[in-house]
Amino acid sequence: MSSIQLIQATPISLSSPLQALESCSTMAELKQHHSQIIKLGLSADNNAMGRVIKFCALSKNGNMGYAEKVFDTIPKPDTFIYNVIMNGYLQRQLPRYSIVLYSQMLQDFLAPNNFTFPCALGACCNDNAVEEGKQVHAHVFKFGFGSDGFSQNSLMHMYVKFESLEEARRVFDKMVKRNVVSWTTLISGYAQRGYIDEALKIFESSMTQRNSVVWNAMIAAYVQSNRFHEAFALFDRMRAEKVVLDKYVAASMLSACTGLGALEQGKWIHCYIEKNGIELDSKLATTIIDMYCKCGCLEEAFEFFNGLDYRGVSSWNCMIGGLAMHGKGEVAIELFQEMERKMVAPDNVTFVNVLSACAHSGLIKEGRYYFSYMTEVHGIEPRREHYGCMVDLFGRAGMLEEAKKLIDEMPMSADESVFGALLGACGIHGNIELGEQLGMRVIDLEPKNSGRYVILANLYSKAGRWEDVASVRKLMNDRGVKKSPGFSVIELGGVVNEFIAGEITHPQAKDIYAKVDEMLECIRSAGYVSNTDGVLHDLDEEERESPLHYHSEKLAIAFGLLNTNPGEILRISKNLRICRDCHQACKLISKVYDREIVVRDRNRFHHFRNGECSCRDYW
DNA sequence: GTAGGGTTAG
């Protein structure tokens, strides 16, 4: 009682408890101030209650349940209060609650304002509420916020999410004042749907107001569509314009390096991050681990991983996946066990990686064990991806019946990737009948994926069924499906060199081809027989027109031998899978030239040393 | 009180 009298005695008495609300940091403090305010008789005061609710709904330590309780006691909540509570739900991933509140607000004849719409639209977006989103769009105009930048950007964002790019573009075109968010939203919108050229046009027109976010949206657009060189070019432009390199750009560029296998460039960015104190969060750490793994440096990846102060589940997953890719299944399992000892809860991705580690290393028993372990011990139900890994595991090992049985037993329908895993196995083990059925099915499911046609055609060619090979090729042509051309990349002295089979445009082309011939001569005397018998590779993944011995990886190796010192490791990345012939050749080259060669193909790593490959020919 | 960018398998 006495404290209230004291407050009432001074003229600033009413504002001070409200001011105190602004400085609270815990719910306990807030509740104290709240009860004081009620004692002052302000329980129906929207200004006072609004501040209480704001803290509960929006601050880090806020309690949404308390916000709801207070909300229920307010006789006539105003727009501000609705906004704050709707935002609270949105931030807590409860968009449906926000939408319900929005319509309640309209029923109460409260006019939404410029703060309401971004929230309501965001809620529709997160709840996939297309129809309601369109209605809110109409309200934006009806209530006079048609030219409010925040509302317009939120509209664009929503339409991008709903895949109505035309609608997003219409909003963008009508905007009188655009800001960085407008550019960014549209650029990434186009990029997500694969319209990179359109994204670039928007980017170029953002000239006057570009910050690192806009730059990154475009760089990421290139990276996501595998146009790594263009990402690098844009990055150079960005640095020339002295735009700061922040953690997002660093992450995108690391992915570009990963895509190309450009280790030196990746290391440079890693160094830059450390030197310039760029915040190393768990996502960025994962990107760095991924870069080292996919650029062939497991040791560096491990060193970095071990040096991290905090290792989130995605970092563990990435490291386990890296080991899997390098054929180190046993080590991957050990790392998983360490993860459990460190009490890091695995998620579904963890088990995808553990199972794929088993598949790549032929660990059938272990794969079976972890497949049931994930559900029994961690309560994680297997998804399609996990079934895909198991099909891959059995399939590679030649246990096609077992793989087929598993597909039949799946509680969900199999998709193209599950069938694809089995199809791949039919290819390895030459099961024509099953492969033919699956091939047709997978092509129907994914008519634009050239790889599917190639596997089926290869299967036919293995069986000598040339007419069928021809008809698959005709089908591809008729549908306008083109094989992605095979290329290999080798990075020397920070320069990325790219080779395409049979291509002669490289400045050192003459020397390179001579070196290939020399290489072949040398390995022939070591027992190499070029795998050209029959027309087995009639429709290989690599361009058919170029002779086998000028496949892109051979050109890259020749280039590497010409331009490095004895003993240096040659690291090559290939966008497709390495073919049998090149695999055999690499083994012998590693022996004859006494060179370690690391080849990353579409699926995994091959470490060639002294005539052997780390995959033990199991791939 | 409000909006935008990066990672993890096959």
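Throughout, a chain's letter reflects where its sequence line sits, starting with A, and its residues are numbered from 1.
Rounded to whole Å, atom P of dG10(B) lies 11 Å from atom NE2 of H326(A). Summarising the geometry, the separation between OH on Y292(A) and P on dT8(B) is reported as 17 Å, rounded to the nearest angstrom. One atom, CG of L254(A), and another, P of dT8(B), lie 11 Å apart when rounded to the nearest Å. Note: CG (L335(A)) to C1' (dT8(B)) measures 14 Å, nearest angstrom. Atom pair L355(A):CG and dA9(B):P shows a separation of 14 Å (rounding to whole Å applied). Here dG1(B) presents its P atom at 13 Å from CG of N113(A), a figure rounded to the nearest Å.
By the ring pair (Phe, Tyr, Trp, His ring centres under 6.0 Å) test, F150(A) is found to be paired with no residue, residues two or more places apart in sequence or in another chain being considered. Here E330(A) pairs with nothing under the salt bridge (charged side-chain N to carboxylate O under 4.0 Å, His left out) rule; sequence neighbours left out. Residues passing the ring pair (Phe, Tyr, Trp, His ring centres under 6.0 Å) test with F228(A): none are found, sequence neighbours excluded. With sequence neighbours left out, the side chain to side chain contact (heavy atoms under 4.5 Å, CB included) criterion links N83(A) to T79(A), M105(A), N113(A), F115(A), T116(A).
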Solution key, residues 301-315 of chain A side-chain donor-acceptor pairs under 3.5 Å, sequence neighbours excluded:
from, atom 1, to, atom 2, distance (Å)
N306(A), ND2, F302(A), O, 3.2
S314(A), OG, T286(A), OG1, 3.1
S315(A), OG, T286(A), OG1, 3.2

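The residue N317(A) sits close to a base: some heavy atom pair falls under 4.0 Å. Across all strands, H360(A) comes closer than 4.0 Å only to sugar-phosphate atoms, never to a base (heavy-atom distances). No contact: F117(A) has no heavy atom under 4.0 Å from any strand.
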Go along nucleotides 2-7 of chain B 5' to 3' and tag each nucleotide: B for a protein heavy atom under 4.0 Å from its base, S when only backbone or sugar atoms are that close, - otherwise. BBBBBB
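For dG10(B), its base never sits under 3.5 Å from the side chain of S356(A) at any donor and acceptor pair.
H270(A) has its ring centre less than 6.0 Å from the ring centre of Y292(A).
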